[in-house]
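On a predicted model such as this, the values are computed, not experimentally measured, just so you know. Letters A, B, ... mirror the listed sequences (proteins, then strands); counts begin at 1.
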Amino acid sequence: MSSAGRNLDGVTIRLRFAPAPTGYLHLGSARTALFNWLYARHMGGELILRIEDTNAELASPELIENIYDSLNWLGIDWDGEPVRQSERRDLYNEAVEQLLVSGRAYQDDGAVRFRVPETGVTSWDDVVRGHVTFENEHVEDFVIRRSDGSATFFIANAVDDLDLGITHVVRGEDLVNVTPKVILLRHALGEATTQTFAHLPLIVNEQRKKLSKRRDDVALEDYRARGYLPAAMRNYLALLGWGPPDDIEVRPIDEIVDMFELSDINKAAAAFDVKKLTAVNAEYIRMLDHADLAAKIRPYVDTKSWGASVSDEQLLAVVPLVRERAKILEEAPDIVDFLFLHEPEFDEASFEKALATNEAACPMIDAAVEAYGVVEWTADALHARTLELAQANNLKLGKAQAPIRVAVTGRTVGPPLFESLELLGRAETLRRLGAARAMLADLPS
RNA sequence: GCCCCCAUCGUCUAGCGGCCUAGGACACCGGCCUUUCACGCCGGCAGCACGGGUUCGAAUCCCGUUGGGGGUGCCA
């Protein structure tokens, strides 16, 4: 029989992710969920999803649906049905009554407060932070039941962790100060043991401040919308406060599960670096096969008003051109928009440099128009033919193709020219070359 | 104010007393490749906050200083 998922006493390792439904999943919460999941899976234990909606306004179905949706997107699953605190009021009430009867809590004006001991200390061994101690005299008598009769976070938390048999509490460092309260409650409720706690370092912004909704993009869905891949996000999040011992950062999640240990987590806050996230994302995009990438880019393409719609075949054909260039899905359409726009606009600087002030522009375009009229319409043939034109004009291919590129795409920078021309087609290529040539002829000299 | 905590390149990290003239990644800067860009490859810049200890030996242990953060709700 396997001992996986059990500690030395034979008790199943059980963790919980306990978000408050605020309408979106905060990046910090996503990381907390991920670390809980990684450890649960690493240990072969269980992960409970517990919705902390003791506050009535948080108990709305849409808000809760958002949590499921975000976790699903990230690939974080949980065991059993989600636990809703709003459905467990009786349990909390019993606990409050018990504390009232035992004298560990008292009725204040309106609310019920827990009576924190005046002396002594409450402490625990935190897997991340070491031994943490609070003097009881500095912990205030806190509310466990509001005047409207509802239970607060503290009592719900203590009761549920007890009732659900939670063995490991992995959460953000912003909750360290509530830990003594929860431990005090748990003990007052008659439980002798203390769970294992691991308080994760905060995720901060460039200013080293806690990620805030006002200043920063804190919602997971913000990134999802822009085309960050869930596997990339999850991989990157795992790197915030933890690092693989072998220095290989971008890797399959299974390997991270294998290596993940709570005791390896750092104490210092970690800054969320979009640039690195983006680099990781780009790597994941490059790992996608063409059909998969095409399907993922589709929604972003459909957003564009390019006139005609883009067929699946066209999209698939274009994928090799964007694969190495798009760092996030959202960028993909703009990389190849000139293929689908009827009249791509000229980038002003590109027009000046490669066409208006370029002596080679007219000769090259004229030569291209003539040659492209009869050349075999493949990237290879176009490449070979253009190379000949370049040599005839005493130019390197890079210089020679610049005016053609700008005339056809509008910019000096873009995907490989001949592949692009092949996709664009002979007629449209010649049309654009002709139009650009006419503009140059009209230019005052 | 009062509690609690943190400190390795700009950023994320490796390091857990000798393998460290501190390793990797992102970003940045060069170069190569090349059909522009990108990808890829090669190279470079850059860090143990400071001061005291302990020790034969400290990025690693202890103390202090400085700097930074979190919490102080009948939110969670």
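Remark: P of C4(B) and CD1 of Ile183(A) are 15 Å apart, rounded to the nearest angstrom. If you measure from atom CD1 of Ile265(A) to atom P of C6(B), you get 14 Å, rounded to the nearest angstrom. One can place NZ of Lys353(A) at 9 Å from C1' of U36(B), the figure rounded to the nearest angstrom. Per the geometry, CD1 belonging to Ile335(A) stands 10 Å off C1' belonging to C37(B), to the nearest Å. Glu419(A) places its CD atom 11 Å from the P atom of U35(B), with the value rounded to the nearest Å. Across the protein-nucleic acid pair, Trp242(A) atom CH2 and G15(B) atom C1' stand 15 Å apart, rounded to whole Å. If you take CG of Leu237(A) and P of U13(B), they are 12 Å apart, rounded to a whole angstrom. In this structure, CG of Leu200(A) is placed 21 Å from P of C4(B), rounded to the nearest angstrom.
The aromatic rings of Phe272(A) and Tyr236(A) stand perpendicular to each other, their planes meeting at an angle above 60°, with 30° marking the opposite boundary. Taking the six-membered ring where the residue is Trp, His26(A) and Tyr24(A) present tilted rings, their angle falling between 30° and 60°.
Here U54(B) sits opposite no nucleotide as a Watson-Crick or G-U wobble pair (both hydrogen-bonding atom distances under 3.5 Å). Across every strand in view, G40(B) sits in a pair with C32(B) that passes the Watson-Crick or G-U test at under 3.5 angstrom. Under the Watson-Crick and G-U wobble criteria, each requiring two contacts below 3.5 Å, nucleotide A25(B) is paired to U11(B). Across all strands shown, nothing is found opposite G73(B) as a Watson-Crick or G-U wobble partner with both distances under 3.5 Å. Across all strands shown, U60(B) forms no Watson-Crick or G-U wobble pair with both key distances under 3.5 Å. When Watson-Crick and G-U wobble pairs are counted only if both distances are under 3.5 Å, C48(B) pairs with no nucleotide at all.
U60(B) and G69(B) have their C1' atoms separated by 23 Å, given to the nearest Å. On the C1' atoms, G10(B) is 24 Å away from G70(B), given to the nearest whole Å. For the P atom pair drawn from A76(B) and G67(B), the interatomic distance equals 36 Å after rounding to whole Å. Across A7(B) and A49(B), the matching C1' atoms stand 7 Å from one another, rounded to whole Å. Spacing between C9(B) and C29(B) at atom C1', rounded to whole Å, works out to 15 Å. To the nearest whole angstrom, the two C1' atoms, one in A58(B) and one in C16(B), are 12 Å apart. C61(B) and U54(B) are spaced 8 Å apart, taking the C1' atom of each and rounding to whole Å. For U36(B) and G23(B), the C1' atoms lie 36 Å apart once the distance is rounded to whole Å.
The shortest side-chain heavy-atom distance between Arg16(A) and Leu49(A) does not fall under the 4.5 Å cut-off. Taking 4.5 Å as the limit, every side-chain heavy atom of Thr386(A) sits out of range of all side-chain heavy atoms of Val375(A). Taking 4.5 Å as the limit, every side-chain heavy atom of Ile48(A) sits out of range of all side-chain heavy atoms of Leu15(A). By the 4.5 Å heavy-atom criterion applied to side chains, Trp37(A) and Trp78(A) are not counted as neighbours. Counting heavy atoms from C-beta outward, Phe114(A) and Phe154(A) have side chains that stay 4.5 Å or more apart. Two residues are said to be in side-chain contact when any heavy atoms from C-beta on lie closer than 4.5 Å; Pro416(A) and Glu422(A) fail this criterion.
A donor N or O paired with an acceptor N or O is found under 3.5 Å between the base of C37(B) and the side-chain atoms of Arg325(A).
Here the closest non-hydrogen pair linking Glu118(A) and Glu137(A) is O-CB, 3.4 Å. Nearest heavy atom pair, residue Asn235(A) against residue Arg251(A), reads OD1-N, 3.0 Å.
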query = Could you go step by step and tell me if Asp148(A) and Ser150(A) meet the side chain to side chain donor-acceptor pair (under 3.5 Å) rule?
reply = CA-CA 6 Å; Asp148(A) 68 2; Ser150(A) 62; 2.6 Å; yes
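Taking the side chain of Ala268(A) as heavy atoms from C-beta on, and the options U13(B), U36(B), A7(B), the nearest nucleotide is A7(B).
Note on Gly241(A): only backbone sugar-phosphate atoms sit closer than 4.0 angstrom, heavy atoms only; bases stay farther off. Contact annotation for Asn266(A): backbone-only contact, meaning every heavy-atom pair under 4.0 Å involves sugar-phosphate atoms and none involves a base. At a threshold of 4.0 angstrom between heavy atoms, the contacts of Thr133(A) are confined to the sugar-phosphate backbone, with no base atom among them.
Of the residues Arg50(A), His168(A), Arg186(A), the one that meets the side-chain hydrogen bond (donor to acceptor under 3.5 Å, both in side chains) test with Asp161(A) is Arg50(A).
Note on Asn205(A): every side-chain N or O is 4.0 Å or more away from OP1 and OP2 of U11(B).
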remark   = Per-nt protein contacts along nucleotides 18-33 of chain B (heavy atom under 4.0 Å; B base, S backbone sugar-phosphate only, - none) come out as -----BBBSS------
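The CG atom of Asn281(A) sits 7.5 Å away from atom CG of Leu329(A), with the distance rounded to the nearest 0.5 Å.
Between Val413(A) and Leu240(A), the residue anchored nearer the 5' end of RNA chain B, judged by the nucleotide with its closest heavy atom, is Leu240(A).
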Is there any protein nitrogen or oxygen under 3.5 Å from a nitrogen or oxygen in nucleotides 70-76 of chain B, and what are the pairs?
residue : atom : partner   : partner atom : Å
G70(B)  : OP1  : Lys210(A) : N            : 3.3
G71(B)  : OP1  : Lys210(A) : NZ           : 2.7
G71(B)  : O2'  : Asn177(A) : OD1          : 2.4
G71(B)  : O2'  : Asn177(A) : ND2          : 3.3
C74(B)  : OP2  : Arg113(A) : NH2          : 3.2
C74(B)  : O2   : Ser147(A) : N            : 2.8
C74(B)  : O2   : Ser147(A) : OG           : 3.0
C74(B)  : N3   : Ser147(A) : OG           : 3.2
C74(B)  : N4   : Asp109(A) : O            : 2.8
C75(B)  : OP2  : Arg146(A) : NE           : 2.1
C75(B)  : OP2  : Arg146(A) : NH2          : 3.3
C75(B)  : O3'  : Arg146(A) : NH2          : 3.1
A76(B)  : OP1  : Thr54(A)  : OG1          : 2.6
A76(B)  : OP1  : Asn55(A)  : N            : 3.4
A76(B)  : OP1  : Arg146(A) : NH2          : 2.2
A76(B)  : OP2  : Arg146(A) : NH2          : 2.6
A76(B)  : OP2  : Phe153(A) : N            : 3.4
A76(B)  : O3'  : Glu52(A)  : O            : 3.3
A76(B)  : O3'  : Glu52(A)  : OE1          : 3.2

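Here the side chain of Asp216(A) pairs a donor or acceptor atom with the backbone of Ser212(A) at under 3.5 angstrom.
Against RNA chain B, the stretch residues 363-402 of chain A makes heavy-atom approaches under 4.0 Å through His383(A), Leu397(A), Gln401(A).
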